[in-house]
Amino acid sequence: ATLPKAIYTCRYDSVRVAASGAAMYVWTPPDGLATTTAASAMARPVATTTYTVTGTDVFGCSASDTVYVAVGEPLPIKASGDGVPISCDN
């Protein structure tokens with residue numbers, strides 16, 4: 001299986017993790033994954049997670065690889081104003 005080594009995302013966002021080169025796949029851990037038995041899956045982990053995928057070919061040979069999904073916190077952005085109404089009539 002061939003994977004990028006790191007993916008960066010924000011908490012509550014989804015990212016796609018994908019592998020190739022095998023006939024069957026198993027992803028672990030299942031936490032935050034939409035599926036664990038497909039070549040690609042949408043991942044929405046709530047914390048930084050290292051996923052391992054094991055791919056098996058039609059002859060029963062298998063190999064594994066990992067991808068690191070780093071999860072950052074959303075920025076605490078707050079909008080504010082001075083409370084003065086804006087008039088568009090000049």
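In this chain, residues are counted from 1 in sequence order. What you see is a predicted model, and the numbers here were worked out from it, not measured in a lab.
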Heavy-atom pair with the smallest gap, counting every atom of Tyr25 and Ala38: CB-O, 3.5 Å

Residue pair Asp31 / Thr49, side-chain heavy-atom distance below 4.5 Å: no

Student check: side-chain heavy atoms of Val53 and Val67 closer than 4.5 Å: no

Gap separating the OH atom of Tyr51 from the OG1 atom of Thr28, nearest 0.5 angstrom: 10.0 Å

Under 3.5 Å: donor-acceptor pair, side chain of Arg11, backbone of Glu73: no

Closest heavy-atom pair and its distance - Val69, Thr9: CG1-CG2, 4.0 Å

Backbone of Thr35 reached by a side-chain donor or acceptor of Trp27 within 3.5 Å: no

Under 3.5 Å: donor-acceptor pair, side chain of Thr48, backbone of Val71: yes

Residues Thr56, Ser62; criterion side chain to side chain donor-acceptor pair (under 3.5 Å); working and verdict: CA-CA 4 Å; Thr56 305; Ser62 63; 4.7 Å; no

Sidechain-backbone polar pair: Arg44 side chain, Leu33 backbone, donor-acceptor under 3.5 Å: no

